[in-house]
Protein chains: 2
Amino acid sequence: MLTSTQRQLLRVISGSGPLSRTDLALQMGLSKAAMSGLARDLIDLGVLHETETVYGQGRPSVLLDLRPECAFFVGVSLLEDPAPMVLSDLNGNIIARQTMPFSRDPVAIANLIKECLPKLLDGRPDIAEKLSGIGIALSGFVDEKQANCVQSTLLGWQDVPLAKIVSEKTGIETFIENDAKAIAVSEKLFGTAREMQNFSVVSLGDGIGCAHFVDGKLYRGNHGGAGEIAHCTIELGGLPCRCGKRGCLDTIASMKAIKEMSRAEGLSCTSISELEEVAAGGTASAIRILHKSGAALGLAIAHLIQMNDPGMILITHVEGSFDGLFGTVMQQSIEANVLPRYAGQTPIRTRLVDTDIWSRGAASIAAHNFLIGPNLN
Amino acid sequence: MLTSTQRQLLRVISGSGPLSRTDLALQMGLSKAAMSGLARDLIDLGVLHETETVYGQGRPSVLLDLRPECAFFVGVSLLEDPAPMVLSDLNGNIIARQTMPFSRDPVAIANLIKECLPKLLDGRPDIAEKLSGIGIALSGFVDEKQANCVQSTLLGWQDVPLAKIVSEKTGIETFIENDAKAIAVSEKLFGTAREMQNFSVVSLGDGIGCAHFVDGKLYRGNHGGAGEIAHCTIELGGLPCRCGKRGCLDTIASMKAIKEMSRAEGLSCTSISELEEVAAGGTASAIRILHKSGAALGLAIAHLIQMNDPGMILITHVEGSFDGLFGTVMQQSIEANVLPRYAGQTPIRTRLVDTDIWSRGAASIAAHNFLIGPNLN
DNA sequence: ACATTAAGTTCAGAAAGTGAACAAATCAAC
DNA sequence: GTTGATTTGTTCACTTTCTGAACTTAATGT
């Protein structure tokens, strides 16, 4: 087990990349003397290693970085059928992949994970030994201990202590997390948001997810519901939503809604890129749909910017959904609906989802708990 | 100067109210032994004192609380003309009041504060000695050091280092803060949000302000713009706003907007309570205005709840503005536009603004810096 | 009166951090 | 080249802070 000072050091390196002992001491508010011993201990433990040597005036500084192979993590996505499962190192590199059958039964899930583990770790006893945690991503609300699923419509769950069930079955510490929040953590640890203290992730898929990092920490909200942007009312008296309200963003800008609208308009498009193609051909109904949904998403994101002033918004999306009209309208809608003096001040980055996004996000939850630990103070 | 452990203790007491040494030790993750010395030091320093004795089984526990008279703070509001100025203790109790002429010139403001200080402290050398900070509340954007006003339309400022100017003139540590954020801090330290880790304040006045507390800390946003709810677009293509956009919440639900709308409708109402009266008499236009603005404010607050899931929303408002139609419609609009399963889960509290609200808020900024200190780690 | 219970104190020792002096490794200048 | 300047990183004696265990204190309950 690591001390809180050691954890703080890992957190700093994870957020800033490789640093010299002197820089680390400075950033952590410690003396060089304290840093010296701290670094030695963590190097001996195999968590840190010396990487590059930087030459300047005076004695060159030796950069310290995390040893990605000092700990490994398993990530499971309960968002797809079959459920993907990956083995990842501390840098988010994926070492191995498996899939397991999808199930809604917590105990069955635990059993499936247990059965799949040996396949994932096949022939790598060194890795098996350093397996430090399992992360599970799912659609639904998760408590702040990342242990219980408070509610999940997709899985039909209510207060399911999945983390405990899985960790008891496998003997490995397990954490669960909401899908969008898992992506946010993954981007903070492994992705483009490493050095960012405040940012939000909007995940655009069949549904729309969202998660916030505030002051370098995932913000979960008082009931775990922070980031429920999908059910902001965008169109008063709009279409009925699965949540019970009307005109939620989810009914206008989710992939599901877009597909439904195009079906209602008599278009035979099954993906957004097809719709973009039809729109490029000049079909008015396709253009109308893309306009409406792009503008709605942009408006919701503008609200988010106005409310929270994040340092960045990262939109994860599927192939082809952002190169055309939809993306353009959304961008314009954001710019038009934030304070003019802030327009363009919040970088909007987009990221194509790959097949590993959810399972890697799940693994990042376990990695996050390894690096940062349960209690941040 | 206090150590970081001492500050942590003050923070815990400030957030939870009086606690026994044993409880404090538990909450801070320290041993009873460490707590014993810590408490003795702070009592000797005059910061803590023993209050109630609680009897149970075993030796009774002695509750420790902050000594409100261990430090005093001055708060100045640059939101009113003339500018109110108060002297407050660590509990937010107001010891003395003064007013000073309003000015937009930073140096003149510093001089006015310096001149007014002796009047506030008149005949109380004991308090003068313990004066620990000056807080200034203003309308505009403030940097994260609470030292510089980045921009203020009302004051016509751009990058004004007001805190430094005032502290150099008066010799007392000075901090500035945005008006809504100052109210949020005041509510966290002195008011109804003491034990709340996540909450938002919406201040309803001529303009609409908003501020968020996240994980027990004021969240300022990446450019200091968190909480700019007033310029969320609520009505696409609505009335032009002073910010340059159209249909901002500010153009529909601020007191200024409501007064303007009633003027446009030929009503001679100069306050919201008059408008409520006319509406109660059955005048359609008055009812329409109150409906529209109440619904807009409710929708914006619903967005806030959906995005951030705060533990509470506190609305500060002026006399008469919340007892009638406006308040009712707003409440309904909130309930109708949040996820049905969350409806009613976020307490909406309202608080009548008194004449001291801004100046007390300003003083709370100084108190906050005394209690929590500049760096939270 | 006496056992039980829990709060708070004391004290020796462990743990973590500091400051100052020093060793090490380079650049720059003559 | 040699020398001096410069900066990194280490060592070591010392201080500060915290812990664990034993102890004292002040109540309740029987």
Side-chain angles (χ1 to χ4, degrees), chain A residues 1-13 16-67 372-373 375-377, chain B residues 1-13 16-67 372-373 375-377:
Chain A
M1 206 54 186
L2 302 176
T3 68
S4 82
T5 320
Q6 290 175 322
R7 282 241 153 80
Q8 194 195 344
L9 193 154
L10 299 191
R11 195 162 67 244
V12 169
I13 290 200
S16 313
L19 288 172
S20 70
R21 285 162 235 249
T22 307
D23 282 347
L24 278 169
L26 223 67
Q27 280 213 32
M28 294 175 62
L30 288 179
S31 64
K32 288 195 295 173
M35 199 61 231
S36 186
L38 205 59
R40 193 188 313 115
D41 291 350
L42 284 169
I43 290 172
D44 289 350
L45 276 170
V47 177
L48 289 185
H49 65 174
E50 303 190 332
T51 54
E52 212 182 330
T53 307
V54 177
Y55 299 87
Q57 216 169 21
R59 176 171 168 175
S61 56
V62 181
L63 303 192
L64 298 177
D65 200 1
L66 295 172
R67 267 196 3 147
I372 316 293
N375 51 342
L376 251 178
N377 296 339
Chain B
M1 207 53 187
L2 302 176
T3 69
S4 83
T5 319
Q6 291 175 321
R7 282 240 153 80
Q8 195 195 343
L9 192 154
L10 299 191
R11 196 161 68 243
V12 170
I13 291 202
S16 312
L19 287 173
S20 70
R21 285 161 236 250
T22 307
D23 282 348
L24 278 168
L26 222 67
Q27 280 214 30
M28 295 174 62
L30 288 179
S31 63
K32 288 195 295 174
M35 199 59 231
S36 185
L38 205 58
R40 192 187 315 117
D41 291 351
L42 284 169
I43 289 172
D44 289 350
L45 275 170
V47 177
L48 287 187
H49 65 175
E50 302 190 332
T51 55
E52 212 182 330
T53 306
V54 177
Y55 298 89
Q57 215 167 22
R59 176 172 169 174
S61 56
V62 180
L63 302 191
L64 299 176
D65 201 359
L66 295 172
R67 267 197 3 147
I372 317 293
N375 50 342
L376 253 176
N377 298 338

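A, B, ... follow the sequence lines: proteins, then strands. Residue 1 opens every chain.
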**Q** Can you tell me how far P of C:dG8 sits from CG of B:Leu26, to the nearest Å?
**A** 12 Å
**Q** Side chain of A:Arg21, heavy atoms from C-beta onward: which of C:dA25, D:dA26, D:dT10 has the nearest atom to it?
**A** D:dT10
**Q** If the cut-off is 4.0 Å, is B:Ser61 near the phosphate of C:dG8, judged by side-chain N/O to OP1 or OP2?
**A** no
**Q** With a 4.0 Å limit, can you tell me whether A:Thr22 has a side-chain N or O closer than that to the phosphate oxygens OP1/OP2 of D:dT7?
**A** no
**Q** Tabulate protein N/O versus nucleotide N/O from nucleotides 16-19 of chain D, keeping only pairs under 3.5 Å, one per line.
**A**
unit_1	atom_1	unit_2	atom_2	d
D:dC18	OP1	B:Thr5	OG1	3.2
D:dT19	OP2	B:Ser31	N	2.6
D:dT19	OP2	B:Ser31	OG	2.7

**Q** At under 4.0 Å between heavy atoms, what does A:Gly56 touch on the DNA or RNA strands: base, sugar-phosphate, or nothing?
**A** sugar-phosphate
**Q** Measure the distance from CE on A:Met28 to P on C:dG17 and round it to the nearest whole Å.
**A** 8 Å
**Q** Taking the side chain of B:Pro60 as its heavy atoms from C-beta onward, which of C:dA25, D:dA26, D:dT10 lies nearest to it?
**A** D:dA26
**Q** Got a donor-acceptor contact below 3.5 angstrom from the B:Gln27 side chain to the B:Leu24 backbone?
**A** no
**Q** Nearest to the side chain of A:Gln57, which nucleotide is it out of C:dT10, D:dT8, C:dA28?
**A** C:dA28
**Q** How close or far is atom P of C:dC22 from atom CZ of A:Arg59, stated in whole angstroms?
**A** 16 Å
**Q** When you measure from the side chain of A:Val62, which nucleotide among C:dA6, D:dT6, D:dG9 comes out closest?
**A** D:dG9
**Q** Could you state the CG-P distance from A:Leu48 to D:dG9, rounded to the nearest angstrom?
**A** 13 Å
**Q** Give, for atom CG of B:Leu26 and atom CG of B:Leu19, the distance between the pair rounded to the nearest 0.5 Å.
**A** 10.0 Å
**Q** Quick one: does B:Ser36's side chain have a donor or acceptor within less than 3.5 Å of a partner on B:Lys32's backbone?
**A** no
**Q** Taking side chain as C-beta onward, heavy atoms only, is A:Leu48 less than 4.5 Å from A:Asp65?
**A** no
**Q** Could you go through B:His49 and B:Ile43, starting from their C-alpha distance and side-chain angles, then the distance that decides it, and tell me whether this counts as side chain to side chain contact (heavy atoms under 4.5 Å, CB included)?
**A** CA-CA 6 Å; B:His49 65 175; B:Ile43 289 172; 5.8 Å; no
**Q** Between A:Leu19 (CG) and D:dG9 (P), how many Å, whole number?
**A** 11 Å
**Q** Check the distance between C:dA7's P and B:Asp23's CG and give it to me in whole angstrom.
**A** 7 Å
**Q** Rounded to the nearest angstrom, tell me the gap between atom OH in B:Tyr55 and atom P in D:dT25.
**A** 17 Å
**Q** If we ignore hydrogens and angles and just use 3.5 Å, is the side chain of A:Thr53 paired with the main-chain N or O of A:Val62 as donor and acceptor?
**A** no
**Q** Heavy-atom distance under 4.5 Å between the side chains of B:Arg21 and B:Leu38, does that happen here?
**A** no
